[in-house]
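Notes to accompany the following structure.
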Amino acid sequence: MYTGHKIVKAFGHENRSVAEFNEMNEKLYESGWRAQFVSGIIMPIMSLIGNIGYVFVSIVGGILVTKRAIEFGDILAFIQYTRQFTMPITQLANISNVIQSTIASAERVFELLDEEEQVPEANDAKSIASPRGAVRFDNVKFGYSADTVLIDHMNIDVKPGQTVAIVGPTGAGKTTLINLLMRFYELHDGRITIDGVPIEDMRRSGLRRMFGMVLQDTWLFNGTILDNIAYGREGATEDEVVSAARAAHADHFIRTLPDGYETVLNEEASNISQGQKQLLTIARAILADPSILILDEATSSVDTRTEVYIQKAMNELMEGRTSFVIAHRLSTIRDADLILVMNKGSIIEQGTHEELLAAGGFYADLYNSQFTGKASLSEPSAG
Ligand SMILES: Nc1ncnc2c1ncn2[C@@H]1O[C@H](COP(=O)(O)OP(=O)(O)O)[C@@H](O)[C@H]1O
Ligand SMILES: [Mg+2]
């Protein structure tokens, strides 16, 4: 509710939110109050019981002494013993609240320990010194859980330096494909190789270092714009950052900000627009200079003109570099070497722009609908 308070306001849910908050707060107050009270009262109760014990010992002892049944020293000795006996009990009572919170914490710790381990890396993990960027998917099968299958029998063969565009409706599995390539998830079957080396045989860090990724949801941190772009590569100089920003068409808007490159982005980076955020993350990827570039709806929030500019810059950057581009505006991917059309987890068409248009299938439909507004809107047949 805190991070989404604009949504809460926009939908007029303030009162409900306040009520919900009050309810939670009341619950917290109740249990907090009780916890404090109980842990606070334990000590006084323990000493009260101890003191009652003294009184009892003194009275009974006094009577016994007057009857000369015991010596005065025996009372003192007995008091010592009772004190030694109650001391550990008092200490236990003292840490009872600690024990309570330990149990609660242990539950959470064990929940974490019970999580499935990620597949360990091969002992003789290979690394590719200078990757050429040949990517192959061989009969890949994958689903987000063990019993569902999203992608099945997927075969893709990307030659070094090719630009691969992936298009398809939302939820088709485009991002999933990228996640598999970066090994964020394990395959159910089949394999993915880069330059002939299966990705399971590589160190995860080595694998991921080959990629530069620009995603739809931007990730920027609380810091200056300069730092945010420089994050792409360790030890980048200011000049390099500026030229990366220029390539991403971010330089102009950055310079119009009062503090320029020293502008501090706030926690949610809400002081610049969504499109500007995307430009910064693109600049970051350009600076990183990776072997394989992945753009997942990276320009979805910038205007079409800027997108074309970025596309030009990208074309330069992608020259001689394998790249995967996911975009909804088909005009930007027309020049791709290979276009994969995905639907429901499988590739239903593949080829170049001309080939796909000539085939007159789903892609042709999609393309025409974006330019003429006349789509037959037929459901594509999967498979
Ligand atoms: N982390 C996840 N856990 C379970 N299911 C997911 C996860 N991410 C995506 N999915 C599902 O996988 C399908 C493909 O998603 P995705 O690859 O993100 O589609 P898109 O083509 O829009 O990028 C969707 O049906 C989505 O609900
Ligand atoms: Mg996606």
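Numbers here simply count residues along the sequence, with the first being 1.
Looking at every heavy atom in both residues, A283 comes nearest to A245 through CB-CA, 3.9 Å. What you find for R284 and Y231 is that their closest heavy atoms are NE-CB, 4.0 Å. Of all the heavy atoms in Q278 and E297, the pair that sits closest is NE2-O, 3.6 Å. In plain terms, the two heavy atoms of N222 and L265 that are nearest each other are ND2-O, 2.7 Å. Contact detail for A298 and I282: the closest heavy-atom pair is O-CD1, 4.1 Å. Closest non-hydrogen pair, I339 versus T352, comes out as CD1-C, 4.3 Å.
With contacts defined as side-chain heavy-atom distances shorter than 4.5 Å, the pair Y363/L330 qualifies. Taking 4.5 Å as the limit, every side-chain heavy atom of T218 sits out of range of all side-chain heavy atoms of L280. Proximity of M154 to M342: side-chain heavy atoms (C-beta onward) are separated by under 4.5 Å at one or more points. Side-chain contact between D335 and H353 is absent, with no heavy atoms from C-beta onward closer than 4.5 Å. Using a 4.5 Å cut-off on side-chain heavy atoms (C-beta onward), L338 and Q350 make contact.
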(message) Show, in sequence, the C-alpha distance, side-chain angles and deciding distance for E30 and R34, and conclude whether the salt bridge (Lys or Arg N to Asp or Glu O under 4.0 Å) test is met.
(response) CA-CA 6 Å; E30 274 297 319; R34 216 172 303 150; 3.5 Å; yes
(request) May I have the step-by-step check of salt bridge (Lys or Arg N to Asp or Glu O under 4.0 Å) for D289 and R321, ending in yes or no? (result) CA-CA 10 Å; D289 194 22; R321 224 182 277 260; 2.8 Å; yes
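Criterion: ILVMFWY side-chain heavy atoms under 4.5 Å apart, direct or through other members. Under it, Y185 and L150 are part of a common hydrophobic cluster. Hydrophobic clustering, with ILVMFWY side chains joined whenever heavy atoms are under 4.5 angstrom apart, keeps M1 apart from V18. Residues I151 and V149 do not share a hydrophobic cluster, clusters being chains of Ile/Leu/Val/Met/Phe/Trp/Tyr side chains in contact below 4.5 Å. Under the 4.5 Å side-chain heavy-atom criterion for Ile, Leu, Val, Met, Phe, Trp and Tyr, V38 and L92 are members of distinct hydrophobic clusters. Following chains of ILVMFWY side-chain contacts shorter than 4.5 Å, one can reach L257 starting from L226, so the two form part of one hydrophobic cluster.
Within a 6.0 Å sphere centred on CD of Q274, other residues, nucleotides and ligands contribute more than 12 heavy atoms. Within 6.0 Å of CD on E186 lie more than 12 heavy atoms contributed by other residues, nucleotides or ligands. A 6.0 Å sphere centred on CD of E14 holds more than 12 heavy atoms belonging to other residues, nucleotides or ligands. Taking a 6.0 Å sphere around CZ of F253, one finds it holds more than 12 heavy atoms contributed by other residues, nucleotides or ligands.
Distance alone, capped at 3.5 Å, places no donor-acceptor pair between the N139 side chain and the H153 backbone. The backbone N or O of P169 lies less than 3.5 Å from a partner atom in the side chain of K174, making a donor-acceptor pair. T322 places a side-chain N or O within donor-acceptor distance of the main-chain N or O of G161, the cut-off being under 3.5 Å. The backbone N or O of H328 lies less than 3.5 Å from a partner atom in the side chain of Q370, making a donor-acceptor pair. Under a 3.5 Å cut-off, the side chain of Q162 and the backbone N or O of K159 do form a donor-acceptor pair. Between the side chain of D189 and the backbone N or O of K141, no donor-acceptor pair lies under 3.5 Å. Proximity of a side-chain donor or acceptor of N271 to a complementary backbone N or O of V264 within less than 3.5 Å is detected. Using a distance-only test at 3.5 Å, with no hydrogens or angles considered, a donor-acceptor pair links the side chain of R233 to the main chain of L287. Side chain of R208 to backbone of R183: a donor-acceptor contact under 3.5 angstrom is found.
In this structure, F142 and H188 have tilted ring planes: the angle between them lies in the 30° to 60° band.
Take D138 and apply the salt bridge (Lys or Arg N to Asp or Glu O under 4.0 Å) test, not counting sequence neighbours, and it matches R136.
Between the side chains of T176 and Y144, at least one donor N or O sits under 3.5 Å from an acceptor N or O. Remark: the Y261 side chain and the N228 side chain contain no N/O donor-acceptor pair separated by less than 3.5 Å.
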Could you go through residues 111-121 and list every donor-acceptor pair under 3.5 Å that involves a side-chain atom there, pairing it with any protein atom two or more places apart or in another chain?
| residue | atom | partner | partner atom | Å |
| --- | --- | --- | --- | --- |
| E121 | OE2 | R204 | N | 2.5 |

Under 3.5 Å donor-acceptor pairs involving side-chain atoms of residues 58-68, not counting sequence neighbours:
| residue | atom | partner | partner atom | Å |
| --- | --- | --- | --- | --- |
| S58 | OG | Y54 | O | 2.7 |
| T66 | OG1 | G62 | O | 3.3 |
| T66 | OG1 | I63 | O | 2.5 |

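If you take OG1 on T224 and CG on D259, they are separated by 10.5 Å, rounding to the nearest 0.5 Å.
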